[in-house]
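The structure under discussion appears below in the form of structure tokens.
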Amino acid sequence: GNLVVSLFPDAEFSASGIGLANVAGATSPEMVKVGSIDGKIKLWPLLSGTLVVERMIISDPEVDLQVDQAGRPNWEMNSGNTESNTQSGGGSGFKSIQLGDVRIERGKFSYSDAVSGQDVTARDLNVSVTMQDLSQPLAAKVSLVLNEEPTTFNTSVDTPLAVMAGEPATLTAALEN
């Protein structure tokens with residue numbers, strides 16, 4: 001695909017034609033495809049530990065998750081290393097995170113389980129996320145056609161910082177059909 005990057009005065013990037021190959025034997029050649037991604041991250045706030053995502057727009061993403069007859073999911077990438085690669089301590093490494101225009105547009109998702117026979121498809125997926133700061137509510141608006149049923153829901157988390165710290169937080173969700 002194409003990649004364009006600019007680092008001054010802010011980090012801006014755009015890429016198109018992005019893909020992640022599927023495992024051997026999968027029904028589709030790519031597990032993930034993204035038509036385009038466009039973003040802008042403010043650089044100066046990074047010096048004080050604040051991540052400001054002014055814009056992150058992912059257009060035409062397609063995710064194809066599959067479980068084969070042996071029960072192996074295509075999203076588990078086994079490198080042969082038996083040791084865990086988990087990071088201790090958790091958290092983002094930033095004192096603060098702010099989200100501006102963060103969206104997914106025209107997404108597609110499929111899940112197929114050859115063991116259980118379950119198939120789930122979603123199309124026309126549109127997501128919009130806003131968050132002023134980690135101590136402020138994170139809100140998401142989602143619309144999609146799920147198994148041919150139009151669905152819309154709104155959700156919010158009152159304090160994302162509490163969630164990151166493993167503390168209780170309030171999650172609110174409203175589903176519309």
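Just the heavy atoms: all of them, side chains too, but no hydrogens, waters or symmetry mates, feed the values below. None of these values were measured; they are calculated from a predicted model.
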> How about Gln136: does its CD atom have over 12 heavy atoms from other parts shown lying under 6.0 Å from it?
Replying inline: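 Yes, enclosed.
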
Set of residues satisfying side chain to side chain donor-acceptor pair (under 3.5 Å) with respect to [X], sequence neighbours excluded:
| X | value |
| --- | --- |
| Ser156 | none |
| Glu105 | Ser59, Arg103 |
| Asp60 | Arg106 |

>> Evaluate Glu176 against Asn154 for side-chain contact (heavy atoms from CB on, under 4.5 Å), listing each step before the verdict.
In response: CA-CA 9 Å; Glu176 302 170 18; Asn154 297 314; 4.0 Å; yes

Nearest-0.5 Å distance, [atom1] of residue [X] to [atom2] of residue [Y]:
| X | Y | atom1 | atom2 | answer |
| --- | --- | --- | --- | --- |
| Met131 | Gln98 | CE | CD | 8.0 Å |
| Thr151 | Asp124 | OG1 | CG | 11.5 Å |
| Ser135 | Ile97 | OG | CD1 | 11.5 Å |
| Asn22 | Thr27 | CG | OG1 | 7.0 Å |

For [X] and [Y], work out which heavy atoms get closest and say how close.
| X | Y | answer |
| --- | --- | --- |
| Leu134 | Lys95 | CD1-O, 4.3 Å |
| Ala11 | Leu43 | N-CG, 3.7 Å |
| Leu146 | Ala122 | CD1-CB, 4.1 Å |
| Ile58 | Val34 | CG2-CG1, 3.8 Å |
| Ala15 | Leu3 | CB-CD1, 4.0 Å |
| Asp119 | Asn147 | O-OD1, 4.0 Å |

>> Could you tell me if the side chain of Phe109 sits less than 4.5 Å from the side chain of Leu65, heavy atoms only?
In response: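 The answer is yes, as the side chains (C-beta and beyond) meet within the 4.5 Å cut-off.
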
>> Using side-chain heavy atoms (C-beta onward) and a distance below 4.5 Å, is Val23 in contact with Trp75?
In response: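 In short, these two side chains do not touch, never coming nearer than 4.5 Å.
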
> What residue pairs, at least two apart or across chains, pass side-chain hydrogen bond (donor to acceptor under 3.5 Å, both in side chains) with a residue in residues 35-45?
Replying inline: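 Of all non-adjacent pairs touching residues 35-45, those that pass side-chain hydrogen bond (donor to acceptor under 3.5 Å, both in side chains) are Asp38-Arg55, Lys40-Glu54, Lys42-Glu54.
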
> Checking side-chain contact (heavy atoms from CB on, under 4.5 Å) for the pair Val67/Tyr111: CA distance, chi angles, key distance, verdict?
Replying inline: CA-CA 8 Å; Val67 177; Tyr111 172 80; 3.8 Å; yes

Single-linkage hydrophobic cluster [X]~[Y], side-chain heavy atoms < 4.5 angstrom:
| X | Y | answer |
| --- | --- | --- |
| Leu7 | Val53 | yes |
| Leu51 | Ile57 | no |
| Met164 | Leu138 | yes |
| Val52 | Leu99 | no |
| Val129 | Ile104 | yes |

>> Tell me if a side-chain donor or acceptor on Asn74 pairs with a main-chain N or O of Gln66 at a distance below 3.5 Å.
In response: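 Confirmed, Asn74 side chain pairs with Gln66 backbone.
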
> Has the side chain of Asp158 got a donor or acceptor atom that lies under 3.5 Å from a matching backbone atom of Thr170?
Replying inline: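 Judged by distance alone, yes, a pair lies under 3.5 Å.
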
>> Using the side chain to side chain contact (heavy atoms under 4.5 Å, CB included) criterion, which residues pair with Gln69? Sequence neighbours excluded.
In response: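 Gln69 satisfies side chain to side chain contact (heavy atoms under 4.5 Å, CB included) with Ala114 only.
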
>> Per the salt bridge (Lys or Arg N to Asp or Glu O under 4.0 Å) rule, what does the pair list look like for residues 19-36, sequence neighbours excluded?
In response: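 Listed once each, the pairs are Lys33-Glu62.
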
>> Is there a side-chain contact (heavy atoms from CB on, under 4.5 Å) between Ile37 and Met56? Walk through the geometry before answering.
In response: CA-CA 7 Å; Ile37 184 168; Met56 181 73 62; 3.7 Å; yes

